[in-house]
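In this chain, numbering begins with 1 at the start of the sequence shown.
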Amino acid sequence: MTGKRENDGSVNEDRYSKRLRVAAEGSSPSPSPPRLGFENPLLPLANTYSDDEEEEEYNGRSEQCGVRGGNNGSRVERNGHGVEEEDDDNDDNEGHEQKGGQATRSRLVEVRRDCPYLDTVNRQVLDFDFEKFCSVSLSNLNVYACLVCGKYYQGRGQRSHAYTHSLEAGHHVYINLRTEKVYCLPDGYEISDTSLDDIRHVLNPRFTKEQVEQIDKNKMWSRTLDGSDYLPGMVGLNNIKETDFVNVTIQSLMRVTPLRNFFLIPENYQHCTSTLVHRFGELTRKIWHARNFKGQVSPHEFLQAVMKASKKKFRIGAQSNPVEFMPWLLNTLHEKLRSSKRSSSIIYECFQGELEVVKEIPKNAITEKKGNGDNQNGAQRTDGGSEHDNTIRETSKMPFLMLGLDLPPPPLFKDVMEKNIIPQVPLFNILKKFDGETVTEVVRPHVARMRYRVTRLPQYLILHMRRFTKNNFFVEKNPTLVNFPVKNLELKDYIPLPTPKENERLRSKYDLIANIVHDGKPEEGLYRVFVQRKSEELWYEMQDLHVSETLPQMVALSEAYMQIYEQQQ
């Protein structure tokens with residue numbers, strides 16, 4: 001003890017001598033530190049989300065009350081009040097970062113059921129469809145939504161933006177957008193009240209397996225806060241800016257039952273780290289949720305994930321094509337969902353079929369390509385390759401997610417009424433491309449004659465009509481109408497199909513469930529989609545926010561661009 005006191009004394013003497021030395025040096029002029037050319041009013045609030053002061057305050061209260069840290073997440077209720085021990089969720093790393101080999105300190109948060117500010121919650125202004133960014137700092141870490149004005153703020157400590165907003169605006173109820181816990185600021189206690197459960201369900205819609213199984217049997221309408229009615233699954237999607245090509249694609253995929261059911265339960269893809277997968281799942285749950293505050297959904301967060309995953313190939317403000325977007329989306333979701341390169345996914349289980357492709361390549365075409373210096377691999381034979389006369393024949397198997405159908409060219413002349421004759425073609429005529437006998441001429445990568453035959457049918461068949469052709473000057477649209485059946489499309493009558501295995505039945509009959517249509521000029525037109533509601537077998541026309549019931553006959557009279565057929569069981 002004596003040695004320790006002596007050491008303490010020497011330390012005090014050293015500190016005293018340093019103070020004298022600093023005071024002496026302070027009398028001489030010294031250059032002042034450089035000043036910034038501007039003052040940032042947000043700088044004091046920029047990096048103060050660890051809430052150390054609030055944490056110490058709560059720890060001090062717990063020690064005064066004689067409550068020590070115990071099991072995480074424990075809660076003690078006394079007469080409607082409680083104390084909950086939790087990690088510091090105001091931390092940048094959300095309470096799980098290890099600092100200097102030690103975990104962040106836990107604190108005790110009071111839990112109350114009797115909050116006097118619950119009547120200030122305004123559900124009319126709440127919108128959880130947009131990205132979870134603080135409206136002041138633009139950070140997505142530890143964001144809270146003000147349940148009075150609907151704005152997003154970061155943190156809830158004494159130096160945070162949410163805390164400041166609660167003092168300036170007098171708004172006191174906030175929900176953590178990640179943990180769904182509700183707090184009262186500036187008091188800092190957690191609110192435990194079942195009246196807030198509807199807000200949690202809108203923030204993060206959830207379904208049980210039993211609800212998912214009954215979703216196609218539900219005929220009940222839901223009511224929004226403004227008193228209007230909507231059908232779950234038949235809600236409109238905001239066209240943020242020229243994003244109708246995304247909206248019609250999403251509305252079409254929502255009719256694919258196995259795909260929809262898979263994404264309605266987040267546990268099915270909780271192992272996946274892809275933001276695109278989770279945003280697609282959130283959008284699916286919001287579209288089919290029966291307790292929405294509004295009758296429409298904004299796909300803003302999903303579009304942000306699409307822009308990032310596609311490296312801005314598909315982005316807000318740039319019109320694109322659903323025929324290009326659909327295969328990109330399906331292939332990207334498949335790559336992100338499968339656990340290994342050999343494993344499959346719900347995407348391929350629904351949409352993947354197989355084609356047998358026979359390619360006949362003239363020898364002179366290959367020779368010309370080589371003479372031009374192009375190193376082509378077209379002359380390499382695949383399985384079943386053979387050589388006849390002046391052609392090389394290659395036979396291969398090719399998986400597909402979508403089949404492209406060629407339309408006959410439109411007429412060049414007008415009729416006596418000076419109007420263009422709009423031709424019509426039966427769907428069965430253009431399906432002959434896949435009968436294994438019809439020859440399709442291609443010029444890239446070299447001139448060849450192709451024959452296609454379907455060897456395996458998918459559960460959901462996607463067809464698209466090649467309406468647009470590009471040349472060096474402009475894009476031309478083919479207005480030819482395709483006559484197709486809405487129900488009972490029997491493929492075996494028009495294209496040869498593989499013989500089913502023993503104890504299996506050939507399923508070659510399909511029903512239409514979605515039909516995407518393009519209206520207007522090639523580069524200025526709009527997209528809309530006809531979809532079927534299974535619970536009532538009714539058809540609806542959907543164009544962004546516009547949703548209306550229609551007749552099946554109107555579906556067949558449209559300029560079909562892309563269709564999804566469901567295999568009959």
Side-chain angles (χ1 to χ4, degrees), residues 215-216 231-239 243-264 276 279-281 283-288 296-297 299 302-303 306 314 320-334 346-347 349-353 400-405 458-465 467 482 484 486-487 489 510-519 525-534 537-550 552 554-556 558-567:
I215 201 168
D216 282 331
L231 282 169
M234 296 292 167
V235 298
L237 295 177
N238 276 332
N239 186 344
T243 56
D244 51 341
F245 71 96
V246 176
N247 292 347
V248 294
T249 303
I250 296 300
Q251 297 286 17
S252 301
L253 293 178
M254 291 298 102
R255 314 308 134 191
V256 181
T257 303
L259 182 70
R260 177 204 64 194
N261 293 352
F262 177 85
F263 280 99
L264 284 178
L276 181 67
R279 292 291 179 264
F280 185 81
L283 184 58
T284 303
R285 297 196 301 276
K286 288 180 178 179
I287 290 175
W288 286 96
Q296 67 271 352
V297 175
F302 174 73
L303 287 169
V306 167
F314 305 103
S320 190
N321 197 315
V323 170
E324 297 177 0
F325 180 67
M326 176 77 83
W328 175 86
L329 178 62
L330 295 180
N331 280 303
T332 305
L333 291 176
H334 166 73
I346 186 65
I347 305 297
E349 293 173 7
C350 292
F351 300 105
Q352 190 180 51
F400 71 88
L401 296 177
M402 180 188 300
L403 294 179
L405 305 178
Q459 184 179 358
Y460 289 86
L461 179 65
I462 304 178
L463 304 177
H464 89 268
M465 291 68 178
R467 290 197 176 274
V482 179
F484 55 87
V486 175
K487 293 184 72 68
L489 170 63
Y510 286 80
D511 294 332
L512 184 69
I513 59 174
N515 181 37
I516 296 178
V517 178
H518 180 269
D519 299 318
L526 301 174
Y527 294 100
R528 56 191 173 98
V529 61
F530 296 93
V531 298
Q532 186 189 40
R533 179 173 170 84
K534 283 189 175 181
E537 294 189 355
L538 297 177
W539 282 90
Y540 287 82
E541 178 185 352
M542 312 182 78
Q543 185 173 3
D544 298 331
L545 295 178
H546 172 76
V547 179
S548 62
E549 186 179 342
T550 188
M554 300 301 297
V555 180
S558 57
E559 294 183 9
Y561 186 41
M562 186 164 61
Q563 300 176 325
I564 300 181
Y565 285 87
E566 182 181 34
Q567 192 177 56

Interatomic distance, Met402 atom CE to Leu330 atom CG [nearest 0.5 angstrom]: 7.0 Å
Of all residues at least two apart in sequence or in a different chain, which pass the side chain to side chain contact (heavy atoms under 4.5 Å, CB included) check with Val235? Tyr230, Ile287, Val297
Asn321: what forms a side chain to side chain contact (heavy atoms under 4.5 Å, CB included) with it, not counting sequence neighbours? Val323, Glu324, Phe468, Tyr527, Tyr561
Partners passing side chain to side chain contact (heavy atoms under 4.5 Å, CB included) against Gln296 (at least two apart in sequence or in another chain): Asn238, Lys294, Leu545
As an exercise, state the distance from CZ of Arg528 to CD of Glu559, rounded to the nearest 0.5 Å. 8.5 Å
With no hydrogens and no angle check, just 3.5 Å: does a side-chain donor-acceptor pair link Asn239 and Asp244? no
Nearest non-hydrogen partners of Leu276 and Trp328, listed with the distance: CD2-CH2, 4.0 Å
Least distance between heavy atoms, Gln459 atom then Tyr510 atom: O-CE2, 3.8 Å
Roughly how far, to the nearest 0.5 Å, is CD of Gln352 from CG of Asn331? 9.5 Å
Determine yes or no for a side-chain-to-main-chain donor-acceptor pair under 3.5 angstrom, with Arg467 supplying the side chain and Ala560 the backbone. yes
In this structure, OG1 of Thr332 is separated from CZ of Phe280 (nearest 0.5 Å) by 11.5 Å
What residues, two or more places apart in sequence or in another chain, satisfy side chain to side chain contact (heavy atoms under 4.5 Å, CB included) together with Lys534? Asp216, Thr257, Tyr460, Glu566
Does Phe351 form a side-chain contact (heavy atoms from CB on, under 4.5 Å) with Leu253? I'd like the steps, not just the answer. CA-CA 11 Å; Phe351 300 105; Leu253 293 178; 3.9 Å; yes
Inter-residue atom distance Leu401.CG - His334.NE2, 0.5 Å rounding: 8.5 Å
For the CE atom of Met562 and the CE atom of Met465, what is their distance to the nearest 0.5 Å? 10.5 Å
Output all residues satisfying salt bridge (Lys or Arg N to Asp or Glu O under 4.0 Å) with Arg285, sequence neighbours left out; order by chain, then residue number. none
Non-hydrogen atoms of Val555 and Ser558 that approach each other most closely: O-OG, 2.8 Å
Suppose we screen for side chain to side chain donor-acceptor pair (under 3.5 Å). Which residues come up paired with Gln563, at least two apart in sequence or across chains? Asn515, Tyr565
